Asks: 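A single structure is presented below for examination.
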There are 2 protein chains.
Amino acid sequence: MELVNIYECLCDLTRLRLLNVLAHGPLCVCHFQEILGEPQVKTSKHLAYLRSRGLVEVERVGNWRIYGLPAKPSRELRANLACLQDCVREKAVFRRDLARLKKLSPKFAATGPCGCS
Amino acid sequence: MELVNIYECLCDLTRLRLLNVLAHGPLCVCHFQEILGEPQVKTSKHLAYLRSRGLVEVERVGNWRIYGLPAKPSRELRANLACLQDCVREKAVFRRDLARLKKLSPKFAATGPCGCS
DNA sequence: GAACTATATTCCTCAATGGGAATATGAATC
DNA sequence: GATTCATATTCCCATTGAGGAATATAGTTC
């Protein structure tokens, strides 16, 4: 994974928001959708973009795709994700996303690996 | 300055190389040109790009434009530049650029603010 | 003021990106 | 096997970016 590929992923607000949420654990696409309030296509495409550059990994569970940060991130990726966390901590959009994540977590947890149904 | 603007600047190898050199002090365009071995248009354009996003500042000295990192960088910028330094330290291209910088520094210093002439 | 120097800008072309509408895929359920 | 559900993919369009050739600009020097 090249350093530039990491930064390519970071230069879009939607992807930054996804990574911010991802830092707190893996989720399926419809959960990201609900937390960010973004349409399905947009969410799915950006996750695919992140995946194409190795910033996320996918696991298939029934109908769902669970996206999470890599199990073994490179040194560069770890450093940049940590830096991102630091930069983002006080920004409104990102805090709001995390607030929604917290609020929706019980609902998500209610129905197996995914509370979509 | 938005976080995304910083990452936009970081997602191109030439600009990463420029920033890496810049971390060791301001220089004029032709010096960057010589260190990176890139044509004038390319160098000038990427510096303009960095400037448009506030990652560098320019000072005019006679015919030269001296590009340097901002005197008062934002917290985000500082964090990301530090992270970049850390990520780049062992990569060949970047080390090579710094080696050239070191080698050429005396020559640069020889003629006032710029040793081009 | 003419020539030179360092740098920026303008055109051009090509490739990549973002976003949405519509459609495809593939697993689960009835 | 038809339907539903979660997700991906395809097409479309508009914007942006990278790179180079050529030209413009503006300061310096003779």
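The basis for the numbers below is simple: all heavy atoms, side chains too, and nothing from hydrogens, waters or symmetry mates. Given the structure is predicted, the values throughout are model-derived calculations rather than measurements. Throughout, protein chains are lettered first and strands after them, A, B, ... in sequence-line order, and every chain is numbered starting at 1.
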Asks: Is a salt bridge present between A/E38 and A/K45, judged by a nitrogen-to-oxygen distance below 4.0 Å?
Replies: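 No.
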Asks: Whole Å only: how far is the CG atom of A/L47 from the P atom of C/dG19?
Replies: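 That distance rounds to 13 Å.
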Asks: Start at the 5' end of DNA chain C and walk down; is the nucleotide closest to A/R53 or to A/P39 reached first?
Replies: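 First, find each residue's nearest nucleotide; the 5'-ward one identifies A/R53.
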Asks: Between B/S44 (side chain) and B/Q40 (backbone), is there a donor-acceptor pair under 3.5 Å?
Replies: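 No; judged by distance alone, with no hydrogens or angles, the pair does not exist.
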Asks: Count I, L, V, M, F, W, Y as connected when their side-chain heavy atoms are under 4.5 Å apart, and connections chain through other members. Are B/V41 and B/I35 then in the same cluster?
Replies: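 Per the 4.5 Å side-chain linkage, B/V41 and B/I35 are not co-clustered.
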Asks: Tell me which nucleotide among D/dA22, D/dG19, D/dA8 gets nearest to the side chain of B/V41.
Replies: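 Given the options D/dA22, D/dG19, D/dA8, the side chain of B/V41 is closest to D/dA22.
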Asks: Write down the distance between OH (B/Y49) and C1' (C/dT9), rounded to a whole number of angstrom.
Replies: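 Between C1' of C/dT9 and OH of B/Y49: 18 Å.
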Asks: Of the options D/dA18, C/dC11, C/dG20, whose atoms approach the side-chain atoms of B/D12 most closely?
Replies: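 Minimum distance to the B/D12 side chain belongs to D/dA18.
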Asks: Rounded to whole angstroms, how far apart are CG on B/L36 and P on C/dT7?
Replies: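 Going from CG in B/L36 over to P in C/dT7 covers 13 Å.
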Asks: Take the protein atom CG of B/L13 and the nucleotide atom P of D/dG17, then report the distance between them rounded to whole Å.
Replies: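 These atoms are roughly 17 Å apart.
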Asks: For B/R15, which contact category applies under a 4.0 Å heavy-atom criterion: base, sugar-phosphate, or nothing?
Replies: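 Result for B/R15 = sugar-phosphate.
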Asks: Counting heavy atoms from C-beta on, name the nucleotide in C/dG19, C/dT7, D/dG19 closest to the side chain of B/S44.
Replies: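 The listed nucleotide nearest to B/S44's side chain is C/dT7.
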Asks: Taking for each residue the nucleotide of DNA chain C bearing the nearest heavy atom, is the 5' side occupied by A/E8 or by A/G62?
Replies: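 Here A/E8 is the residue nearer the 5' end.
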Asks: Given atom CD of A/Q33 and atom P of D/dA8, what is their separation to the nearest angstrom?
Replies: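 For the pair A/Q33 CD and D/dA8 P, the rounded distance is 10 Å.
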Asks: Round to the nearest Å and state the distance from A/N63 atom CG to D/dA8 atom P.
Replies: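 About 11 Å, once rounded to whole Å.
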Asks: In whole Å, what is the span from the CD atom of B/Q40 to the C1' atom of C/dA6?
Replies: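 Checked: the CD to C1' distance equals 7 Å.
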Asks: Which one, D/dG19, D/dT9, C/dA8, comes nearest to the side chain of A/K45?
Replies: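 Within the option list, the nearest is D/dT9.
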Asks: What nucleotide, of C/dG19, D/dG20, C/dA6, holds the atom closest to the side chain of A/H46?
Replies: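 Closest nucleotide among those given: C/dG19.
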Asks: To the nearest angstrom, how far is B/W64 atom CH2 from D/dT25 atom P?
Replies: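 In whole Å, D/dT25 P and B/W64 CH2 are 22 Å from each other.
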Asks: Does B/R53 come within less than 4.0 Å of B/E8, counting only side-chain N to carboxylate O?
Replies: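 Salt bridge present between B/R53 and B/E8.
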Asks: Could you work out which one of D/dG19, C/dT17, D/dT10 sits closest to the side chain of B/T14?
Replies: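 Of the candidates, D/dG19 comes closest.
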Asks: With respect to the side chain of A/Y67, which nucleotide from D/dT7, D/dA8, C/dA8 is positioned closest?
Replies: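 Nearest to the side chain of A/Y67 among the choices is D/dA8.
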Asks: For the pair A/K107 and A/E34, find out whether any cationic side-chain nitrogen is under 4.0 Å from an anionic carboxylate oxygen.
Replies: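 Between A/E34 and A/K107 there is a salt bridge, with a charged N closer than 4.0 Å to a carboxylate O.
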